[in-house]
2 protein chains.
Amino acid sequence: MAKAAGEALFDPVRSDRTFELVVQRIREKLAAGELRPGDKLPAERELAKQLDVSRNVVREALRVLENAGMLKTRKGAHGGAFIEEGSAAQISAALNDLVILNAVSLDDLFEARVMMLGMVLDHLAKSGKAPDLSALEANVAATAEAVAKGESARRVPLARAFYHEIAALTGNRALEFTIDAQTEMIQTYLRRRVSDMDGDKLLHSRRAFLSHLREGRFEAAKLELSEHLDRVHRRLWNAPPTP
Amino acid sequence: MAKAAGEALFDPVRSDRTFELVVQRIREKLAAGELRPGDKLPAERELAKQLDVSRNVVREALRVLENAGMLKTRKGAHGGAFIEEGSAAQISAALNDLVILNAVSLDDLFEARVMMLGMVLDHLAKSGKAPDLSALEANVAATAEAVAKGESARRVPLARAFYHEIAALTGNRALEFTIDAQTEMIQTYLRRRVSDMDGDKLLHSRRAFLSHLREGRFEAAKLELSEHLDRVHRRLWNAPPTP
DNA sequence: ACGGGCTATTGGTAGGTCCAATAAAGACCG
DNA sequence: CGGTCTTTATTGGACCTACCAATAGCCCGT
C-alpha cells in the first residue's frame, strides 16, 4: 500500500543519535526479560567496547535510563549499573516537571487526586466484594501510635502509605502507581506542613473513613475522604509552593 | 530541635553528582520562570564555561532534561537546546517503562483508562452544567470523513484526540495529561490495529456516545464508551505486544 | 532576482587522563 | 586464631582535546 499523503517517502538513513540506539538496545533486553531487576550491566568501559561506541555515548545512555528510573549506578569496586524495579517516582517526576513548566496547576493535580480516590471507592462499591482492609487498619494503628508518641516525622510516609493502600484495594497496579505519583508529588509541596496538622483531627477522620468502609458505606467514606483532603488543600493554599 | 535517632548529624559536603547540580540549576530557572518554552539555552561550550564544568557534564545534564521532555536539541548553526512545552509524552514514557519492567500489565492500564474515562463522565453528570461538545462533534465529523475517504492512517490521531477531548471536558489539565498518556501508551501497542477496525461500527459507537452526551444521559454514554473500549481490548488480546 | 556554494556556529562522537569511592583480598598484630 | 588495618584492583565521575556532521545565513556569480 502506498504511503498516505503528507508522509515522507523516504525515512532518514540515520535519524537516531548513537546514545539513543544504545538506550533502545538496553530497553529491548529489559523488555525481553534478558535483564531483570537486580541484574548488573557490564562496566561502562566494557559496554563501550562491546557496542563499539565511545564511553561517552554509553554514559549518556545510562544517564537517560537512570533518569527514567530503570537503573541506579554505584561507584567503586563491584559497582556498576543495576536494574531497578518500577516505581511511581518516574510518573511523579513527570508530573513535577509539568507543574514546573506551568502546564498543570497544583490545584488541578489536587482535584484529580480527589476524583481518582473517589473513583476507587466507586469501583469498590460496584464490585460488591468486601475489600480487605487489614493494611489500612494497620496503617491507621501505626498513625495513632505516631501521633501518641509525637513522632511527627513518621506521619508523612504513613500518610503516603494510607493513600497507596486505598489505591491498592482495586488490585490495579496502574492506578496504584498513578495515585502514588500524585500523592508523592503533592507531599513534596506540603512536606513539612503534613506533620503540623492536628493529629487528633487526622485520626478522627481516618477512623471515620475506615468504619464507613467496614460497613460498606462507600459514599460516606468518599465524603469523609474528600472533606479531609479539602482541609489539607486549604493548608496548601496558605503555603505557597517551595519546589 | 535535635535530629531524630538514626539520622546523620552531618550531611555530606557534596552528595550530588555534578551533572545533577546542573540539572537542578536549570530546573530552578524554569520554575522561576526565567526560562520559558521556546527559549534557547546557551551553547554547550558556553554553558560549560559559565558553570565552570566540563562540556561532558553539561551534555549529561541536557540529556536528562531532554529525556524528561523539557528540552529538545537541534544541531547546526543556530541550533541548541530549546525549552519545550509540557506534554503527556513524559508520563506515557514513564508508563511504558513500568510495563517494560513488568511492574504493571497492559490489562491494568487498559482497565484504569476505562475507569478514568468513566470518572470524567460521572464528574460531568455531577457538575450539572451542559458540557461544550463542539470539539467532540468536530472530531467525529473528521473521523466520518476519514472513514468515508478510506484514510485509515488519519484515524489514529483522531482517536487519540477523541479521548483527549473527553478528558478536556473536565477542564482539569492533570486529568488531561494522565488520560492522554494512557491513550498514547495503549496506541503504541495497538498502532496498526486501530485502523483495521470496522469504520462503520466505530462511527456508530461514536455517534451514539455523542447523542447520549447531548441529551445528558451520562450513564448511557459511559456504557457505550466502555463497551466500545471492551471491543478494542479484545483486539489487543489477539495481538501480543510489540514494543 | 535567484540559485548555489561557502562558512561560522553548534551539537555529536571519539578516546584518552586522572580522580574518588569501594569491596575484597591480603598483611599485620594482639 | 580472630579481629583490624592496609593494600589493591575495579569501577563510575569528571575533564580535556580533537574531529565530524549538520545547518542557517551570508556572499557571490549569473
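So you know, we letter chains A, B, ... as the sequences are listed, proteins then strands, and number each from 1.
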Is a side-chain N or O of B:N139 found less than 3.5 angstrom from the main chain of B:L158, in a donor-acceptor match? yes
Give a yes/no verdict on a cation-pi contact between A:R155 and A:F162, requiring under 6.0 Å between NZ or CZ and the six-membered ring centre and an angle within 45° of the axis.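 No cation-pi geometry.
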Could you go over nucleotides 7-9 of chain C and give all protein N or O partners under 3.5 Å, atom names and distances?
from	atom 1	to	atom 2	distance (Å)
C:dT9	O2	B:A77	N	3.2

Spacing of [X] atom [atom1] relative to [N] atom [atom2], expressed in whole Å:
| X | N | atom1 | atom2 | answer |
| --- | --- | --- | --- | --- |
| B:K75 | D:dA22 | NZ | C1' | 5 Å |
| B:E20 | D:dG13 | CD | C1' | 11 Å |
| B:E44 | C:dG12 | CD | C1' | 8 Å |
| B:R17 | D:dC15 | CZ | C1' | 16 Å |
| A:R74 | D:dG13 | CZ | P | 12 Å |
| B:K49 | D:dC16 | NZ | C1' | 14 Å |
| A:L47 | C:dA14 | CG | C1' | 16 Å |
| A:R45 | D:dA14 | CZ | P | 13 Å |

Using the salt bridge (charged side-chain N to carboxylate O under 4.0 Å, His left out) rule, take A:E28 and A:R25 through it: C-alpha gap first, then chi angles, then the decisive distance, then the call. CA-CA 5 Å; A:E28 281 167 9; A:R25 285 276 194 103; 5.3 Å; no
Just to be sure I understand the geometry, which residues of residues 55-72 of chain B put a non-hydrogen atom under 4.0 Å away from DNA chain D?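 Within this stretch, B:R55, B:N56, B:V57 sit under 4.0 Å of the strand.
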Between A:F19 and B:G79, which residue's closest nucleotide on DNA chain C lies nearer the 5′ terminus?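 Residue closer to the 5' terminus by nearest nucleotide: B:G79.
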Does B:K49, at its NZ atom, have more than 12 non-hydrogen atoms belonging to other residues, nucleotides or ligands within less than 6.0 Å?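 It does not: B:K49 NZ has 12 such atoms or fewer within range.
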Of all the nucleotides listed (D:dG12, C:dG12, C:dT13), which has the minimum atom distance to the side chain of A:T18?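 Output: C:dT13.
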